[in-house]
Participant: 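Would you mind keeping the following structure in view while I ask a few things?
A note on names: the letters A, B, ... follow the listed sequences, proteins ahead of strands, and every chain is numbered from 1. FYI, side chains are in, hydrogens and waters are out, and symmetry mates aren't considered; it's all heavy atoms of this structure. What you are looking at is a predicted structure, and each value in this text was computed from that prediction instead of being measured.
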There are 2 protein chains.
Amino acid sequence: MSQHSGSDPEVAEERSGPKTERGRRTLRRLLDAAGEEFGARGYHDTAISNITQGAGVGLGTFYVYFKSKEEVFRALVADMGARTRHAMTESTRGAHDRLEAERLGIQAFIEFVRSHKALYRVVMEAQFVAPEAYRDYYRTFAAAYRQQLAQAASRGEISEGQDDEVRVWALMGASSFLGIRYGIWDADTDSASVAEAASDLMINGLAPRAAKDKAPK
Amino acid sequence: MSQHSGSDPEVAEERSGPKTERGRRTLRRLLDAAGEEFGARGYHDTAISNITQGAGVGLGTFYVYFKSKEEVFRALVADMGARTRHAMTESTRGAHDRLEAERLGIQAFIEFVRSHKALYRVVMEAQFVAPEAYRDYYRTFAAAYRQQLAQAASRGEISEGQDDEVRVWALMGASSFLGIRYGIWDADTDSASVAEAASDLMINGLAPRAAKDKAPK
DNA sequence: TCGGAACCTGAATGTTGACTCATGTTTCAA
DNA sequence: TTGAAACATGAGTCAACATTCAGGTTCCGA
């Protein structure tokens with residue numbers, strides 16, 4: 001929950017993070033508070049003093065741990081990237097094939113956004129506040145996704161597409177928008193049925209089903 | 001091109017816009033300059049003085065036409081909404097059926113983003129600067145898109161989906177991400193082949209093609 | 001030719017908020 | 001016990017705007 005991923009977020013300290021337990025605790029409080037505040041008010045409407053108050057530390061303390069306002073923000077985006085990938089990996093672990101994994105992934109993503117509304121907003125705002133971090137977020141995700149598709153295709157579970165990079169971005173875009181639409185704007189809709197409808201589209205496409213008991217036209 | 005849509009953007013003037021030709025020209029210059037600046041530097045890094053300098057007018061003149069910085073921004077988003085819908089309508093006009101329209105639409109969207117990079121950024125940033133305007137942008141788009149799908153389904157051109165709202169958002173998301181990926185980040189890739197690969201996914205899905213000359217498995 | 005409506009202007013105002021720094025306080029190894 | 005490394009602090013600095021305003025200038029009908 002508050003493990004903040006594997007690789008330490010880049011903190012101000014030239015090398016290594018806090019040296020003492022007290023320091024690590026303070027860093028964690030600052031990161032958590034920053035997530036809350038940025039998520040709730042957005043980057044520009046969040047003052048450093050909001051964050052330090054949220055963390056229950058003095059204003060100056062912030063600059064003991066971060067070089068700038070932007071730096072915490074970047075750390076949060078990187079952290080979210082790791083968490084998102086982790087959640088996706090977990091949710092699709094039990095799938096029997098890629099097609100099932102797609103459905104599970106879409107549903108898990110919507111639910112992930114729902115339960116991390118604030119932090120997910122941070123990721124999206126990164127597009128404007130820290131474009132590099134934003135691109136990394138999606139590039140890393142896309143790379144992992146591509147590999148999944150390639151393996152699935154070689155197993156014959158999905159078709160050989162014309163261009164997996166394109167497929168991956170289309171799929172990420174679909175999930176992303178569904179995440180906003182049903183994870184944030186309309187968080188009451190049953191996520192399973194949304195995922196069912198969406199994965200039906202992603203798996204079978206828009207084309208009319210070949211008629212089985214009825215001649216077409 | 002610079003018609004700025006049908007319904008006037010909401011200007012500061014309580015009722016009606018500029019009364020004279022000079023006024024209309026100044027308003028247009030301000031809107032164009034605002035689009036340039038916001039698109040290039042983003043909302044928060046753009047100062048009103050940047051806009052007025054770009055438009056070649058005095059600082060105070062801005063407030064003759066707009067109540068606030070946010071107001072121009074909203075006007076720009078609304079304008080872009082109209083232009084986007086217009087571009088999509090035009091590009092799919094000649095399609096023989098909905099499946100072809102999808103491919104044309106994806107390609108047209110990528111090209112639209114390419115040729116309006118700056119303004120498209122404005123739309124995306126609206127998510128944080130003017131959330132209402134952002135939601136309107138997509139809601140209006142979604143409504144029109146749904147209607148297209150419903151009609152196509154009744155004509156038998158596409159399958160009856162489980163939930164057209166979900167399909168529409170997935171499709172918009174896919175196009176949106178492809179627009180960013182291939183319209184902004186990598187604007188050199190041939191848009192036709194991206195659209196071809198993407199529409200193949202949206203039309204036929206990920207599922208392996210039913211074997212015609214080879215038994216499955 | 002005149003008056004007022006429409007339009008233009010940029011210096012001045014006021015606020016906001018990121019970041020610094022000089023001065024503590026706490027921790028802990030020797 | 002001690003001193004120095006690590007950590008904490010918040011008043012003060014400073015630059016960056018958004019917005020206002022009081023005083024022009026231009027246009028046009030009568």
Participant: So how far is it from A:E37 CD to A:R41 CZ, rounded to the nearest 0.5 Å?
Facilitator: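 Interatomic distance, A:E37 CD to A:R41 CZ, rounded to 0.5 Å: 5.0 Å.
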Participant: Could you tell me whether B:R28 and B:D32 have a side-chain N and a carboxylate O separated by less than 4.0 Å?
Facilitator: no
Participant: Quick one: which protein N/O atoms are closer than 3.5 Å to N/O atoms of nucleotides 8-14 of chain D? Pair and distance per line, please.
Facilitator:
from, atom 1, to, atom 2, distance (Å)
D:dA8, OP1, A:T26, OG1, 2.7
D:dA8, OP2, A:Y65, OH, 2.5
D:dT9, OP2, A:G58, N, 2.6
D:dT9, OP2, A:T61, OG1, 2.9
D:dG10, N7, A:G60, N, 2.8

Participant: Rounding to an integer number of Å, can you tell me how far B:K19 NZ sits from D:dG29 C1'?
Facilitator: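 To the nearest whole Å, that distance equals 16 Å.
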Participant: Test B:T84 against B:Y137 for side chain to side chain donor-acceptor pair (under 3.5 Å), laying out the working first.
Facilitator: CA-CA 9 Å; B:T84 311; B:Y137 179 95; 3.0 Å; yes
Participant: With ring-ring contact (aromatic ring centres under 6.0 Å, His included) as the test, pick out the partner of B:F73 among B:Y43, B:Y134, B:F128.
Facilitator: B:Y43
Participant: Is it the case that atom CD in A:Q162 sees more than 12 heavy atoms from other parts of the structure closer than 6.0 Å?
Facilitator: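 Counting other residues, nucleotides and ligands, CD of A:Q162 exceeds 12 neighbours.
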Participant: Do any of residues 35-45 of chain B sit with a heavy atom less than 4.0 Å from DNA chain D, and if so which?
Facilitator: none
Participant: Round to the nearest Å and state the distance from A:E71 atom CD to C:dC19 atom C1'.
Facilitator: 14 Å
Participant: Which whole-number value in Å describes the distance from B:L30 CG to C:dC7 C1'?
Facilitator: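 Checked: the CG to C1' distance equals 12 Å.
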Participant: Enumerate donor-acceptor pairs with a distance under 3.5 Å from any side-chain N or O in residues 193-201 of chain B to protein atoms, sequence neighbours excluded.
Facilitator:
from, atom 1, to, atom 2, distance (Å)
B:S193, OG, B:D190, O, 3.1
B:S193, OG, B:D190, OD2, 3.2
B:S199, OG, B:A195, O, 2.8
B:S199, OG, B:E196, O, 3.2
B:D200, OD1, B:N204, ND2, 2.9
B:D200, OD1, B:R209, NH2, 2.8
B:D200, OD2, B:R209, NH2, 2.8

Participant: Cut-off 3.5 Å, side chains only: do B:S191 and B:E111 have a donor facing an acceptor?
Facilitator: yes
Participant: Calculate the interatomic distance between A:L27 atom CG and D:dA6 atom C1'; express it in whole Å.
Facilitator: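 Computing the A:L27:CG to D:dA6:C1' distance gives 14 Å.
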Participant: What contact category does A:T52 fall into here, base, sugar-phosphate, or nothing, at under 4.0 angstrom with non-hydrogen atoms?
Facilitator: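 Nothing, no heavy atom under 4.0 Å.
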Participant: Tell me the interatomic distance from A:R24, atom CZ, to C:dT26, atom C1', rounded to whole angstroms.
Facilitator: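 After rounding, the reported distance stands at 15 Å.
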Participant: Can the ring centroids of A:Y120 and A:F109 be said to lie less than 6.0 angstrom from one another?
Facilitator: yes
Participant: Please tell me which of the listed nucleotides, C:dA18, C:dA6, D:dA18, lies nearest to the side chain of A:K69?
Facilitator: C:dA18
Participant: In whole Å, what is the span from the CZ atom of B:F66 to the P atom of D:dC17?
Facilitator: 20 Å
Participant: Round to the nearest Å and state the distance from A:R28 atom CZ to D:dC7 atom C1'.
Facilitator: 16 Å
Participant: Just the rounded figure in Å: distance from P of C:dC19 to CD1 of A:I51.
Facilitator: 11 Å
Participant: Think B:T20 has a side-chain N or O under 4.0 angstrom from the OP1 or OP2 of D:dC28?
Facilitator: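 Answer is no, no contact under 4.0 Å.
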Participant: So that I know where these two stand, are B:Y138 and A:F177 an aromatic pair - ring centroids less than 6.0 Å apart?
Facilitator: yes
